[in-house]
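Reading through the structure tokens given below for one structure.
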Amino acid sequence: MHTPQTFAAILSAMFDCVPDPMVRLSPSGNLLEQNEEAEAMFGTWAQGRSYVTLFRQPMLAQAIEQVLQSGISGEAEFVQTSTAGAERYIVRITPLPEAELGIVLHFEDVTHLTEVEEMRRDFVANVSHELRSPLTAILGFIETLRGPAAKDPNAQTRFLQIMQDEAQRMNRLIGDLLSLSRVESQQRQRPDQMVDVIHVISRVQAALRPVFEESSCKMVIERPDGVLTELRGDSDQLTQVFRNLIENALKYGGQGKVVTVRLREETGLGSLKGRLLCIDVIDQGEGIDPLHIPRLTERFYRVDNHRSRAMGGTGLGLAIVKHIVQRHRGRLKITSTLGEGSCFSVILPIE
Ligand SMILES: Nc1ncnc2c1ncn2[C@@H]1O[C@H](COP(=O)(O)OP(=O)(O)OP(=O)(O)O)[C@@H](O)[C@H]1O
Ligand SMILES: [Mg+2]
């Protein structure tokens with residue numbers, strides 16, 4: 001048989017092995033001991049204090065009281081707010097087999113789970129919203145075509161054109177969503193083809209020629225002699241990366257400007273090791289406020305919602321770019337000077 005003292009010693013040793021905060025309360029609800037993680041959260045002053053002054057959260061206090069009275073284990077949520085934001089815990093409250101030993105509280109950090117859940121909810125809400133606007137427009141025009149415009153061929157031609165544009169927008173959105181989910185599911189699978197990045201960029205340039213002509217823009221490729229441009233990659237996905245970056249430089253760079261694609265080699269940058277190929281896509285647009293830069297790669301994030309939508313953008317382009325670059329074990333770096341232009345750098349390892 002263990003005495004209450006040896007039992008407490010065993011418990012204390014076990015506390016130290018648990019990576020989550022754990023505390024033991026006496027039968028009257030005062031803190032008897034806590035492990036290092038709990039001490040970091042509540043401080044050393046917590047020793048001997050009552051749970052009522054310690055946690056100050058009615059739900060948790062109520063659950064503790066119930067366990068102390070009934071001897072049946074319980075559970076409650078605990079939220080710790082600091083300057084870094086709110087941390088969410090599930091607290092499991094378990095009575096020890098001998099009442100005089102008190103009860104044990106285990107704090108499981110579920111902040112991350114809540115964040116993932118929030119992101120999922122936001123994403124569904126965003127997708128629904130993005131699909132609803134064109135759909136509402138289409139439904140509205142169908143009604144007009146059946147009613148007021150039933151005998152007006154001019155209005156019919158105009159409205160059908162708008163309906164087609166809106167349907168194409170939905171189509172693009174679904175295409176981009178599928179692309180994003182495909183890249184995400186391949187995230188851990190490194191590409192195994194050899195790709196020449198300069199070929200990819202030339203192909204994108206050729207495909208975008210009509211858009212360049214329409215906006216009277218020019219594209220210049222700068223490639224110093226001897227820069228290696230062959231690397232392990234997925235040719236279709238890299239095409240998607242440069243197509244979006246060059247298209248953005250055109251769309252947000254303004255009429256009659258120059259888009260420069262500069263290739264250069266680097267060795268080791270930050271956490272990236274070895275030989276690297278950097279491809280800078282540089283425009284002469286208005287630039288981006290530093291406030292927006294960290295958020296540009298979020299799904300559906302646009303600096304100017306109205307302008308981007310008017311240009312047919314879905315706001316998923318840079319999110320797809322970021323995922324593809326990550327799959328290639330590379331980085332996307334964005335720098336910009338207001339009034340001068342922006343530079344989107346794709347940095348890829350060459351083996
Ligand atoms: N070169 C740039 N100059 C200024 N702003 C830019 C530039 N590239 C992107 N942005 C801003 O970042 C936002 C997100 O870009 P992203 O490519 O993800 O979406 P989009 O171009 O609006 O739509 P999509 O690429 O899906 O057609 C844009 O809406 C725009 O506000
Ligand atoms: Mg884009």
Side-chain angles (χ1 to χ4, degrees), residues 119 122-123 126-127 129-131 133-134 165-184 200-201 204-205 207-208 210-212 214-215 217-221 236-262 278-327 331-347:
M119 269 169 68
D122 282 356
F123 183 61
N126 278 330
V127 171
H129 175 73
E130 296 288 336
L131 281 172
S133 343
D165 291 347
E166 296 294 325
Q168 268 164 354
R169 172 179 187 73
M170 288 169 74
N171 211 7
R172 260 198 317 272
L173 181 62
I174 290 166
D176 279 355
L177 285 170
L178 287 175
S179 245
L180 193 58
S181 104
R182 210 171 314 123
V183 189
E184 266 183 330
V200 171
I201 293 169
V204 172
Q205 186 182 19
L208 288 176
V211 195
F212 270 99
E214 200 180 309
S215 55
C217 287
K218 236 176 59 184
M219 178 169 145
V220 180
I221 301 181
D236 288 343
Q237 289 188 344
L238 289 177
T239 305
Q240 231 176 324
V241 165
F242 294 109
R243 187 180 171 109
N244 183 56
L245 292 182
I246 296 171
E247 222 169 38
N248 279 354
L250 264 171
K251 276 201 290 193
Y252 307 109
Q255 292 268 330
K257 296 285 170 60
V258 179
V259 175
T260 309
V261 178
R262 184 177 296 150
C278 299
I279 308 108
D280 300 326
V281 179
I282 307 160
D283 66 56
Q284 301 174 324
E286 293 161 16
I288 309 161
D289 193 308
L291 203 81
H292 297 292
I293 293 183
R295 302 200 56 191
L296 289 186
T297 54
E298 281 176 23
R299 293 151 195 213
F300 301 116
Y301 191 86
R302 303 155 169 124
V303 174
D304 181 344
N305 245 323
H306 183 73
R307 185 167 162 213
S308 160
R309 268 173 219 252
M311 290 178 171
T314 63
L316 287 173
L318 287 175
I320 299 175
V321 166
K322 183 178 143 195
H323 274 96
I324 296 178
V325 173
Q326 274 174 356
R327 186 188 168 210
R331 294 266 184 296
L332 174 71
K333 224 176 84 192
I334 309 171
T335 49
S336 184
T337 313
L338 279 175
E340 283 180 25
S342 312
C343 173
F344 287 72
S345 309
V346 175
I347 307 164

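What you see is a predicted model, and the numbers here were worked out from it, not measured in a lab. Note that these values count all heavy atoms, side chains included, but never hydrogens, waters or copies made by symmetry. Just so you know, ligand 1 is whichever comes first in the structure, and atom 1 is the first atom listed for that ligand.
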Sub-4.0 Å heavy-atom approach of Ser342 to ligand 1: yes

Atom 9 (C) of ligand 1: the protein heavy-atom neighbour that sits closest, reported with distance to 0.1 Å: Asn248 ND2, 3.5 Å

Protein N, O or S atoms lying under 2.8 Å from the Mg ion (ligand 2), listed by chain and number: Asn244 OD1, Asn248 OD1

Atom 19 (O) of ligand 1 - nearest protein heavy atom and its distance: Gly315 CA, 3.3 Å

contact_flag Glu286 ligand 1 heavy-atom lt 4.0 Å: no

Closest protein heavy atom (residue, atom, distance) for atom 27 (O) of ligand 1: Gly313 CA, 3.3 Å

Non-hydrogen side-chain atoms of Lys257 and Asp283 separated by less than 4.5 Å: no

Partner set under side-chain hydrogen bond (donor to acceptor under 3.5 Å, both in side chains) for Gln237, not counting sequence neighbours: Gln186, Arg327

Backbone or side-chain N or O of Gly317 under 3.5 Å from ligand 1 N or O: yes

Sub-4.5 Å side-chain heavy-atom contact between Val346 and Phe242: yes

More than 12 heavy atoms from other groups under 6.0 Å of CD on Glu286: no

Nearest protein heavy atom with distance in Å, relative to atom 7 (C) of ligand 1: Tyr252 CD1, 3.5 Å

side-chain hydrogen bond (donor to acceptor under 3.5 Å, both in side chains) partners of residues 167-176, not counting sequence neighbours, each pair once: Asp176-Thr314

Val321 and Phe344, any side-chain heavy atoms less than 4.5 Å apart: no

Check: Ile282 main-chain N/O paired with Asp280 side-chain donor or acceptor under 3.5 Å: no

Per-atom contacts, ligand 1 versus Asp176 - under 4.0 Å to a heavy atom: 26 (O)

Qualifying salt bridge (Lys or Arg N to Asp or Glu O under 4.0 Å) pairs, either residue in residues 244-256, two or more places apart: Arg243-Glu247

Sub-4.5 Å side-chain heavy-atom contact between Ile279 and Ile201: yes

Nearest protein heavy atom with distance in Å, relative to atom 24 (P) of ligand 1: Thr314 N, 3.5 Å

Heavy-atom side-chain proximity of Phe212 to Ile246 below 4.5 angstrom: yes

Identity of the nearest option to atom 11 (C) of ligand 1, non-hydrogen atoms only, from Asp289, Asp283, Leu296, Leu245: Leu296

Interatomic distance, Ile324 atom CD1 to Asn244 atom CG [nearest 0.5 angstrom]: 9.0 Å

Mode of Lys251 contact toward ligand 1 - side chain, backbone, both, neither (heavy atoms, under 4.0 Å): side chain

Nearest neighbour of atom 4 (C) of ligand 1 from the list Ile246, Ile334, Ile288, on a heavy-atom basis: Ile288

Numbered atoms of ligand 1 (with element) below 4.0 Å of Leu316, judged on heavy atoms: 18 (O), 26 (O)

Taking every non-hydrogen atom, the tightest pair across Cys217 and Gly254: SG-O, 3.3 Å

Residue pair Asp289 / Val303, side-chain heavy-atom distance below 4.5 Å: no

Proximal ligand 1 atoms for Phe344, defined as those under 4.0 Å from one of its heavy atoms: 1 (N), 2 (C), 7 (C), 8 (N)

Atom 14 (C) of ligand 1: nearest protein contact (heavy atom, Å): Tyr301 O, 3.4 Å

Heavy-atom side-chain contact between Ile347 and Val325 under 4.5 Å: no

Contact check, side chains of Asn126 and Tyr301, non-hydrogen atoms, under 4.5 Å: no

Side chain, backbone, both or neither: Thr297 near ligand 1, heavy atoms under 4.0 Å: neither

Heavy-atom nearest neighbour in the protein, as seen from atom 15 (O) of ligand 1, with distance rounded to 0.1 Å: Leu318 CD1, 3.5 Å

Nearest neighbour in protein (non-hydrogen) for atom 25 (O) of ligand 1: Asn244 OD1, 2.8 Å

